[in-house]
Number of protein chains: 2
Amino acid sequence: MKNYNVDAYPPMFNTVDIALFSIIDNELAVMLIQRAEEPYKGFWALPGGYVDVENDEDALAAAKRELQEETNLENIYLEQLYTFTKKGRDPRESLANRPCRIFSIAHFAIIDYQKVKAIAGSDASDVAWFKISKLPKLSFDHSQIIDTAVSRIRNKINYTNVGFELVPKKFTIPELRSVFEKVLGRELNPTNFRTKLLKLEILEDTGEKKVEGRGQPAPIYKLDKKKLLELQKNGETLFN
Amino acid sequence: MKNYNVDAYPPMFNTVDIALFSIIDNELAVMLIQRAEEPYKGFWALPGGYVDVENDEDALAAAKRELQEETNLENIYLEQLYTFTKKGRDPRESLANRPCRIFSIAHFAIIDYQKVKAIAGSDASDVAWFKISKLPKLSFDHSQIIDTAVSRIRNKINYTNVGFELVPKKFTIPELRSVFEKVLGRELNPTNFRTKLLKLEILEDTGEKKVEGRGQPAPIYKLDKKKLLELQKNGETLFN
DNA sequence: CCAAAAGTGTTAGTGATACACCCATGT
DNA sequence: ACATGGGTGTATCACTAACACTTTTGG
């Protein structure tokens, strides 16, 4: 087996881009950064970067590192989304000294916005959150990436734990329902949401209550992750 | 904006690998090729290759081309699966003249095996089909890719048209049920499968009947793709 | 006539939806 | 007192799963 001369092949670059979602002011929102360099200088884009192959990173590790650099937060729910490879998706292709292509291994991430606010670093002037109904003009094919991610999240909220990632550790059932409503973009019947959720037996009552303006105080629950994992292992859906 | 010297970056290669599935002898099977070169010379592997950037290919187009080269067939159901990026997944990494990584943009494809048999080209000695319960020792991380693909197909058969791709254009309900059983790996109640399917109103009766050994002849149906697409657009599931 | 495979109809059980009602809190 | 929002119970409807029964074929 002979050695490979790496430079002899048509080059392809892989960037790792991340669409980080949260719920702000009762709407699904995504974190964007303002590009400091060409191409698309001054425009908004998804955070991203290269896979640090020299330091043994894979794509998921690279995404995790980028996320932490932007938010100063760890333990964010993160998942590979899709790899975008269309010719022309990145204008740098045509500036290279020979034909090349820049692939984006896109990821999506979700987090409770309370955590973001609590941590410094997110006050950098080039980072901002945008509601998905009011996105600015985006760089590259990033609006397509965001569309794909939103579809995936809307689908996955019904049978995975992504809904619980958007809510603090301790939460009330109405708060969780509100998250589901914001992600799905439609109202849910409070009674039936509650009934279904309790029947799953994945919530643990903390004994505390939360008073929010008027109305009866809502009990505060914690998620029993073990029971949720069991449910998922058995392939059961949380909601339909 | 200055030009980019493409060779200054740590190189990453992208291969496109395809797991093509069909049903053979009542079991889900995957097409493999025997590698003619190192690494893994003589071992079985998924068909794959490079994205032909010079000819404007993207990953899906490359997968489509590879599939056609191996099977001489067009119009195969094909979808991107996942991008595998773990360090060490391809031994050629460590043979390059500087640090590099070989990413696999994995795809899955499915086809009715009758079509494969009908076309020449699949009799090449280095191509063979293996039932997924009896896979040989595989090259690279290809057994992980196949596992991921099988999970995805088992999931997707319930709400997409992948089940219909595994069956000829004209088929009987018991034939279709058999396909679902083989993919899901469990038996389905014939009565209830039939009832659910007919209620969807996506089948068109051709008027023909099929006699298979003993038993009452089964009516032969065609899929009404328009109605299926409508169902999917409305987000409805075919089966639960 | 019998076995095998396809189709039909029925019933019990489960889950979704909608609604009426009760309870605790702030104004 | 009353509006607001959370919690509880129930009736209705649809869908699922299991099974008994009929029909049509080959042997």
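Throughout, protein chains are lettered first and strands after them, A, B, ... in sequence-line order, and every chain is numbered starting at 1.
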TODO: Mark up nucleotides 19-27 of chain C, 5' to 3', with B wherever a protein heavy atom is under 4.0 angstrom from a base atom, S wherever such an atom reaches only the sugar-phosphate, and - elsewhere.
DONE: B---BBBSS
Could you list the donor-acceptor pairs under 3.5 angstrom formed between side-chain atoms of residues 18-31 of chain A and any protein atom two or more places apart in sequence or on another chain?
{"unit_1": "A/Ser22", "atom_1": "OG", "unit_2": "A/Ile111", "atom_2": "O", "d": "2.6"}
{"unit_1": "A/Ser22", "atom_1": "OG", "unit_2": "A/Tyr113", "atom_2": "N", "d": "2.9"}
{"unit_1": "A/Glu27", "atom_1": "OE1", "unit_2": "A/Ser133", "atom_2": "OG", "d": "3.3"}
{"unit_1": "A/Glu27", "atom_1": "OE2", "unit_2": "A/Ser133", "atom_2": "N", "d": "3.1"}
{"unit_1": "A/Glu27", "atom_1": "OE2", "unit_2": "A/Ser133", "atom_2": "OG", "d": "2.6"}

Return the value, rounded to whole Å, for the distance between atom [atom1] of [X] and atom [atom2] of [N].
{"X": "B/Ile173", "N": "C/dT8", "atom1": "CD1", "atom2": "P", "result": "9 Å"}
{"X": "A/Ile220", "N": "D/dG6", "atom1": "CD1", "atom2": "C1'", "result": "13 Å"}
{"X": "A/Lys196", "N": "D/dG7", "atom1": "NZ", "atom2": "C1'", "result": "17 Å"}
{"X": "B/Asp205", "N": "C/dA6", "atom1": "CG", "atom2": "P", "result": "15 Å"}
{"X": "A/Leu197", "N": "C/dG15", "atom1": "CG", "atom2": "P", "result": "15 Å"}
{"X": "A/Leu188", "N": "C/dT17", "atom1": "CG", "atom2": "P", "result": "9 Å"}
{"X": "B/Lys209", "N": "D/dT23", "atom1": "NZ", "atom2": "C1'", "result": "10 Å"}
{"X": "A/Lys210", "N": "D/dG7", "atom1": "NZ", "atom2": "P", "result": "13 Å"}

TODO: Using the test salt bridge (charged side-chain N to carboxylate O under 4.0 Å, His left out), find all partners of A/Lys156 that sit at least two apart in sequence or belong to another chain.
DONE: A/Glu79
Task: Under the salt bridge (charged side-chain N to carboxylate O under 4.0 Å, His left out) test, residues paired with A/Arg89 that sit two or more places apart - done: A/Asp141
- [ ] Using the salt bridge (charged side-chain N to carboxylate O under 4.0 Å, His left out) rule, collect all pairs that involve residues 169-180 of chain A, keeping only residues at least two apart or in two chains.
- [x] A/Lys170-A/Glu208, A/Glu175-A/Lys210, A/Arg177-A/Glu181
TODO: Return the 5'-most residue of the pair A/Thr195, B/Leu198 with respect to DNA chain C, ranking by each residue's nearest nucleotide.
DONE: B/Leu198
Open item on the list: Working note: A/Phe84 + A/Phe103, criterion ring-ring contact (aromatic ring centres under 6.0 Å, His included); need CA distance, chi angles, decisive distance, verdict.
Closed with: CA-CA 6 Å; A/Phe84 294 83; A/Phe103 294 164; over 10 Å; no
- [ ] Check whether any side-chain heavy atom of B/Leu203 sits under 4.5 Å from a side-chain heavy atom of B/Phe171, and report yes or no.
- [x] yes
Task: B/Arg194 side chain, from C-beta outward: closest of C/dT8, D/dG6, D/dC15 - done: C/dT8
TODO: Look at all strands and tell whether A/Pro190 reaches a base, only sugar-phosphate, or nothing, counting heavy atoms closer than 4.0 Å.
DONE: nothing
Task: For A/Phe130, ring-ring contact (aromatic ring centres under 6.0 Å, His included) partners two or more places apart - done: A/Trp44
